[in-house]
There are 2 protein chains.
Amino acid sequence: MTSMPLPERLGSHLKRAEQALSAAKQAALKPAHLTVSQYAALLHLSQSPGISAAALARACAVTPPTMNTVLKNLQENGLIERTPHEWHKNILETRLTEKGERVLAEGDVRAVEVERALAAEFSPQERETLIALLGRCTAFLQSARPTEPRRRPG
Amino acid sequence: MTSMPLPERLGSHLKRAEQALSAAKQAALKPAHLTVSQYAALLHLSQSPGISAAALARACAVTPPTMNTVLKNLQENGLIERTPHEWHKNILETRLTEKGERVLAEGDVRAVEVERALAAEFSPQERETLIALLGRCTAFLQSARPTEPRRRPG
DNA sequence: TTACAATAGTTAGAGCTCTAATGTTCGTCA
DNA sequence: TGACGAACATTAGAGCTCTAACTATTGTAA
């Protein structure tokens, strides 16, 4: 008995597409020795120097422990540096090193190539439609499943 | 310097949507003590009893070692059983146990609820459009990055 | 001052995912 | 019979991801 045929599930198609994109980016970033997650972190980091790990996690839509893992690897490879905040003792400011900027730039060229090639497959109208439809998916799914079931104080 | 603004990247939107869907399914499957990957494996397994792990990996679009990991956990939980093929000594036939069928049925109800709710957010026309656009993403990305760069014999 | 909430950071543990490499079996072909 | 390629299964190792804890700091309110 089949409850719902797979081809009818939007999820199947969404997953396949995301998987294919992720694989393509992974291959594109390989020469720069970057993973997709590392690239995403570096990219946001370059746009918000000194951002905290928690804020970076939010920007990348992952949990703090996940970002912690990614940052640990980036730091071990010398791509970022983390320095204590001047007076906010609980915050570690994260910044790209020179090497980090270089590697990001290298990876970015390849990653953007993939994005451009993909975008070129669609007309501007189609891109708009796709983005809008995906946005509605995300909005619905997030509203149906709140990040934090806010509990009242009393 | 920003090479390509994030909102212009189809990848950003695709990733967000897939992430939201995955999170929703994960939450839906939690009561059945199933992960999204385990659910996908069980679902394909129920439709192709006795399938080999390699074939199952292809169906779920993951690599054999990945499927191996998933199957190991499913087996430890008693949801599947793997028996040597009658005369193909190198193949392990994988099948759902009774418990596996029960748990799958339980999880399936919840997972399909998510799919139906998501589908209900769109008109039939919109669903068709979204699926078609996603299909073109997948097709392009896979063609641009062949699974196996076929090498000629001579 | 003390208590509490919010935020930041971290560790532990489970699970998924990949690439690379190994070993086995099957079928084909010389 | 023997060699070889294709397919299956597995292990090793690196990395990502989550939930569930725990600690520390900051700021606010009793």
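So you know, we letter chains A, B, ... as the sequences are listed, proteins then strands, and number each from 1. Atom set for the values below is all heavy atoms of this structure, side chains included, hydrogens, waters and symmetry mates excluded.
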Are any of [X]'s side-chain N or O atoms less than 4.0 Å away from OP1 or OP2 of [N]?
X: T69(B); N: dG15(C); value: no
X: R82(A); N: dA8(C); value: no
X: N73(B); N: dA14(C); value: no
X: Q19(A); N: dT17(C); value: no
X: S52(A); N: dT7(C); value: no
X: T35(A); N: dC16(D); value: yes
X: Q26(A); N: dT17(C); value: no

For the side chain of [X], starting at C-beta, report the closest nucleotide among [options].
X: P65(B); options: dG9(C), dT17(C), dT10(D); answer: dT10(D)
X: Q38(A); options: dG15(D), dT17(C), dA20(C); answer: dG15(D)
X: K30(B); options: dA20(C), dG15(C), dA20(D); answer: dA20(D)
X: V70(A); options: dA9(D), dT17(D), dT11(C); answer: dT17(D)

With heavy atoms under 4.0 Å as the rule, sort V62(A) into base, sugar-phosphate or nothing.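 Sugar-phosphate: the residue V62(A), judged by heavy atoms under 4.0 Å, touches backbone atoms but no base.
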Would you classify T63(A) as touching base, sugar-phosphate or nothing, given that sugar-phosphate means primed atoms plus P, OP1 and OP2, and contacts are heavy atoms under 4.0 Å?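 Since a base atom lies under 4.0 Å of T63(A), the category is base.
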Specify the separation, in whole Å, of atom [atom1] of [X] and atom [atom2] of [N].
X: M67(B); N: dT11(D); atom1: CE; atom2: C1'; answer: 18 Å
X: N68(B); N: dG23(C); atom1: CG; atom2: P; answer: 17 Å
X: Q75(B); N: dC16(C); atom1: CD; atom2: P; answer: 14 Å
X: H33(A); N: dC18(C); atom1: NE2; atom2: P; answer: 21 Å
X: R58(A); N: dA8(C); atom1: CZ; atom2: C1'; answer: 9 Å
X: I80(B); N: dA9(D); atom1: CD1; atom2: P; answer: 11 Å
X: L56(A); N: dT7(C); atom1: CG; atom2: P; answer: 17 Å
X: L29(A); N: dC16(D); atom1: CG; atom2: C1'; answer: 15 Å

Starting at the 5' end of DNA chain D and moving along, which residue's nearest nucleotide shows up first, A55(B) or K72(B)?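 In this pair, the answer is A55(B).
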By nearest-heavy-atom nucleotide on DNA chain D, the more 5' of N90(B) and N77(A) is N90(B)
Is there a side chain to side chain contact (heavy atoms under 4.5 Å, CB included) between L96(B) and L42(B)? Walk through the geometry before answering. CA-CA 7 Å; L96(B) 293 185; L42(B) 291 182; 3.3 Å; yes
Nearest heavy-atom approach of R16(A) to T138(B) is C-OG1, 3.8 Å
Rounded to the nearest 0.5 Å, how far does CE of M4(B) lie from CD of E113(A)?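 Here the interatomic distance stands at 12.0 Å.
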Just wondering, do [Y] and [X] contact through their side chains at under 4.5 Å, heavy atoms?
X: R82(A); Y: E93(A); result: no
X: V114(B); Y: L21(B); result: yes
X: C60(A); Y: M67(A); result: yes

Mapping A61(B) and E76(B) to their closest nucleotides on DNA chain C, which lands nearer the 5' end? E76(B)
